[in-house]
Amino acid sequence: MSGQGALDVGRYLERIGYAGPTAPTLETLREVHAAHMRTVPFENLSVRRGEPIALELEPLFDKIVRRRRGGFCYELNGLFAALLEALGFRVSRLAGRVGPSGIDFDHMALRVDLDEPWLADVGFGDSFVLPLRLDRREPQEGGCGRRYRLDPAEGGLLLVREEEQGWRRQYLFTLRQWPLSAFEPGCLYHRTSPKSSFTQKTVVSRATETGRITLSERRLIVTSKGARSETDLADDAAVARALAEHFGIR
């Protein structure tokens with residue numbers, strides 16, 4: 001596979017543990033999205049180690065599929081978009097902003113056009129497991145019993161999620177389509193700036209069938225059916241075991 005060439009679809013689907021239909025239908029989109037969220041971790045280990053991150057298909061495929069790593073939004077959604085396109089979906093890369101004062105191209109999300117447009121995003125971490133209807137403004141189920149809503153705001157859409165304290169901002173985005181290369185300045189900022197949360201704290205996280213499992217620095221956090229448990233890991237060896245056991249990272 002060359003830098004922007006054909007994707008090894010079979011190997012990618014094997015990486016996410018998906019063996020179902022591959023026609024570009026809503027069922028396929030929902031299933032591969034959920035499979036990706038539950039197998040490929042959202043993680044910033046490369047950022048914390050000062051490793052280079054190239055937003056090109058070959059290095060992304062090598063890292064996420066061959067080496068069975070994860071990544072952050074630009075990497076995960078960048079490669080997932082290529083998978084969807086290889087399966088015959090029509091995909092647009094969308095730019096978002098997480099905090100009100102976030103940078104341009106702070107986040108990458110995906111629009112997938114079927115009979116109606118859908119929002120897909122396998123690169124935010126704790127987020128919806130199933131794609132959301134882009135044209136719906138009422139609350140939607142995003143998997144694991146959590147609801148999400150898309151509100152018109154600032155010339156775009158604001159994604160909010162329902163929590164015990166009420167609705168909480170996740171990110172603002174517009175529907176303008178961008179090439180993967182447009183996100184390179186945002187990627188550079190988040191992997192080098194001391195102001196970026198990714199350079200300050202290690203996080204590794206993936207969805208499970210009943211919730212989520214997260215490694216935050218040395219704390220392992222498991223949520224399942226609304227219950228939460230936290231375990232402080234004693235040393236580097238314990239962290240390494242947790243990475244291998246829960247995230248497949250060695």
Side-chain angles (χ1 to χ4, degrees), residues 3-5 7 24-26 28-30 32-33 36-37 42 53-57 59-61 64 71-140 142 148-161 167-193 195-198:
Q4 299 292 337
L7 206 67
T25 65
L26 177 57
T28 299
L29 175 62
R30 286 169 60 92
V32 296
H33 193 282
H36 206 290
M37 291 287 285
F42 175 86
I53 295 174
L55 295 188
E56 298 175 354
L57 292 189
L60 292 178
F61 186 89
I64 294 168
F72 59 177
C73 69
Y74 312 106
E75 301 171 279
L76 299 182
N77 281 324
L79 193 62
F80 187 58
L83 172 65
L84 294 178
E85 289 170 335
L87 294 176
F89 289 94
R90 288 187 295 141
V91 183
S92 302
R93 294 152 187 82
L94 310 178
R97 192 169 70 241
V98 179
S101 59
I103 63 167
D104 291 337
F105 300 96
D106 198 22
H107 180 65
M108 180 198 296
L110 304 174
R111 170 178 174 154
V112 183
D113 284 291
L114 294 165
D115 292 339
E116 61 178 308
W118 293 80
L119 180 67
D121 189 346
V122 297
F124 191 82
D126 188 5
S127 188
F128 53 90
V129 176
L130 299 174
L132 303 176
R133 285 182 162 87
L134 258 178
D135 289 345
R136 180 173 290 184
R137 300 295 167 257
E138 300 80 16
Q140 304 180 51
Y148 295 81
R149 199 178 67 221
L150 290 163
D151 296 338
E154 299 180 42
L157 292 170
L158 181 66
L159 174 66
V160 295
R161 67 175 186 252
W167 292 94
R168 178 180 176 185
R169 175 190 176 117
Q170 192 152 304
Y171 54 80
L172 175 75
F173 65 99
T174 68
L175 298 179
R176 181 176 176 181
Q177 180 177 357
W178 298 94
L180 181 58
S181 59
F183 295 86
E184 289 176 354
C187 182
L188 177 63
Y189 171 86
H190 278 302
R191 72 179 181 86
T192 60
S193 173
K195 296 181 180 179
S196 170
S197 62
F198 294 108

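A quick note: this is a predicted structure, and the numbers were derived from the prediction, not measured. Sequence positions, counted from 1, serve as the residue numbers for this chain.
Separation of atoms CG (L87) and CG (L83) is listed at 4.5 Å; rounding is to 0.5 Å. One finds the OH atom of Y189 at 15.5 Å from the CZ atom of F105 (value rounded to the nearest 0.5 Å). Between the CG atom in L150 and the CG atom in L157 there is a gap of 5.5 Å [rounded to 0.5 Å]. To the nearest 0.5 Å, the span separating CG on L132 from CD on Q140 amounts to 5.0 Å. One finds the CZ atom of F198 at 10.0 Å from the SG atom of C187 (value rounded to the nearest 0.5 Å). Within the model, atoms CH2 of W118 and CG of D135 stand 10.5 Å from one another, a figure rounded to the nearest 0.5 Å.
For the salt bridge (Lys or Arg N to Asp or Glu O under 4.0 Å) condition, the pairs that include at least one residue of residues 91-100, sequence neighbours left out, are E85-R93, R97-E154.
Under a cut-off of 6.0 angstrom, the local environment of CZ in R161 is crowded, with over 12 non-hydrogen atoms contributed by other residues, nucleotides or ligands. In this structure, R169 places its CZ atom where more than 12 heavy-atom neighbours from other residues, nucleotides or ligands lie under 6.0 Å away.
Classified by interplanar angle (parallel below 30°, tilted 30° to 60°, perpendicular above 60°), the ring pair Y74/F183 is tilted. Classified by interplanar angle (parallel below 30°, tilted 30° to 60°, perpendicular above 60°), the ring pair F124/Y171 is tilted.
Looking at residues two or more places apart in sequence or on another chain, you find a side chain to side chain contact (heavy atoms under 4.5 Å, CB included) between S181 and P179, E184.
Proximity of L175 to L134: side-chain heavy atoms (C-beta onward) are separated by under 4.5 Å at one or more points.
A centroid separation of 6.0 Å or more is found between the aromatic rings of H107 and F173.
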